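Beneath this line is the structure, given in C-alpha cells, with notes to follow.
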2 protein chains.
Amino acid sequence: MKSLHELFVHLLQDIYFAEQQIEKSLPELAQSAKSENLRLALESHLKETKGQIERLDEIFGLMQLSPETEECEAIEGLIDEAQEVINATEEQPVRDAGIIASAQAVEHYEIARYGTLAAWADQLGLSAVSVLLNQTLEEEKKADATLNSLALLQVNQKAA
Amino acid sequence: MKSLHELFVHLLQDIYFAEQQIEKSLPELAQSAKSENLRLALESHLKETKGQIERLDEIFGLMQLSPETEECEAIEGLIDEAQEVINATEEQPVRDAGIIASAQAVEHYEIARYGTLAAWADQLGLSAVSVLLNQTLEEEKKADATLNSLALLQVNQKAA
C-alpha cells in the first residue's frame, strides 16, 4: 500500500468485516443478558449495526468500489473474549457486567476505526464519505455512553 | 466466575497480559515511524507503559494476589494488525498514518478496559485500586489525544 487512499480502502474492508461479525454476535449477547434494559439496548444496537453496514455499502458505492471484506483479527479476538465471558459467568447478574465490558471494548474498537476513517476521508477530499462515517462514529459513541450508564446506574450494583 | 470480584481479577490479568504485549511491540512501532514526532510520542508512551505495568503490580499487591496473566486474544489481534500495516506500507509517509491508526485502536482497547476496571473497583469498594486505575486511564486518553493531534496536524497531510 503506497497511498493513503489504498490504506483507507483496506481499513474500510476491515471495518466492513468487523460490522458483519458484530451483527452475527449481537443476538447471542442480547439473549444472554439478564437485565431487560441491557437486552433492549443490545437489540437496539443490532438494528443500528444493520444500518451501519448499509452505510458502508453506500460508501463503497460512492467510491465506485464493490464491497469487499478484509479479515479483521482484532474483532475476532474481541468477540471471542465476549463469548468466553458469557460461558464463564453462567446466568447470573455478574454476567451482565461482563457483557457490558465486552460490548464497550467492541464499541471502542469501532470508535477508533471510524475516527481514523473519517479523518482520512477528510484528508482525501471525500466529503460525502466523511459525512456518513461521522454519522456512524456518533452512533458508536452514543452506544458506548448508553452501556456506561446502564453499568453505573443498574448492572454493577446488582453484580457486586 | 460467580462474583464481580472474580470477574475483576480476570480482567486485571487480561490487561496485565495486554500491557506486556504492548511493551514488547512499541519499540518496533517507534522504529518504523518516519516522523520524528511520532517516534518520540511512541517512545514516550513506552516509558508510560512500563509505569502502567508497575501500577498493575501494585494493584495485585494491594489485593494480596500474585501478578498473573490471562491470554488476551483481542490485544494479539490488534498487534497483529499493526504488524500487517507496517509490513504492507514499506518506508513511506503513509506508513505513519497506519501506525497511528493501529496505536489508536490499541489505546481505545485500553481506555475501554481501564474504564470498566475503575468502575468495578469503585463498586467493590477498592478505592486505592480505583485511584491507580484512573491514573492509567487518564494517561491512555492523553496518549490517544496526542496521536490524534499528530495525525491531524502533520502525518495525514504528508501521507495523502
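We use all heavy atoms of the structure for the numbers below, so side chains are in, but hydrogens, waters and symmetry mates are not. Residue numbers begin at 1 in each chain, while the letters A, B, ... track the order of the sequences. Being a predicted model, the structure only gives us computed values, none of them experimental.
- If you tally non-hydrogen atom pairs under 4.5 Å between each of A:A119, A:S3, A:A97, A:G115 and chain B, the highest count goes to A:A97.
- The contact between B:E81 and chain A is made by backbone and side chain atoms together, counting heavy-atom distances below 4.5 Å.
- Chain B forms the most heavy-atom pairs under 4.5 Å with one residue out of A:T116, A:I79, A:L152, and that residue is A:T116.
- The heavy-atom pair separating A:A112 from B:A105 by the smallest distance is CB-CA, 3.7 Å.
- Side-chain atoms of A:E73 and B:E76, non-hydrogen and from C-beta on, never get closer than 4.5 Å to each other.
- Annotation: the span from B:H108 atom NE2 to A:Q104 atom CD amounts to 13.0 Å, rounded to 0.5 Å.
- Atom CD of residue A:E6 and atom OG1 of residue B:T89 lie 10.5 Å apart, to the nearest 0.5 angstrom.
- Contacts between B:L78 and chain A at a heavy-atom distance below 4.5 Å involve backbone atoms as well as side-chain atoms.
- The contact list for residues 60-70 of chain A toward chain B, using heavy atoms and a distance under 4.5 Å, is empty.
- Summarising the geometry of A:S102 relative to B:R113, their closest heavy-atom pair is N-NH1, 4.3 Å, with the distance given to 0.1 Å.
- Here the shortest heavy-atom pairing between A:L4 and B:N156 reads CD2-O, 4.0 Å.
- Residue-environment remark: CD (B:Q157) stays at or below the threshold of 12 foreign heavy atoms within 6.0 Å.
- Considering only heavy-atom pairs separated by less than 4.5 Å from chain B, the leading option among A:F8, A:W120, A:Y109 is A:W120.
- Neither the backbone nor the side chain of A:N148 comes within contact range of chain B; no heavy atoms are under 4.5 Å apart.
- Heavy-atom distances place no part of B:D144 under 4.5 Å from chain A, backbone and side chain included.
- With a 4.5 angstrom heavy-atom cutoff, B:E84 touches chain A only via side-chain atoms.
- No part of B:A151 comes within reach of chain A, as not one of its non-hydrogen atoms sits under 4.5 angstrom from that chain.
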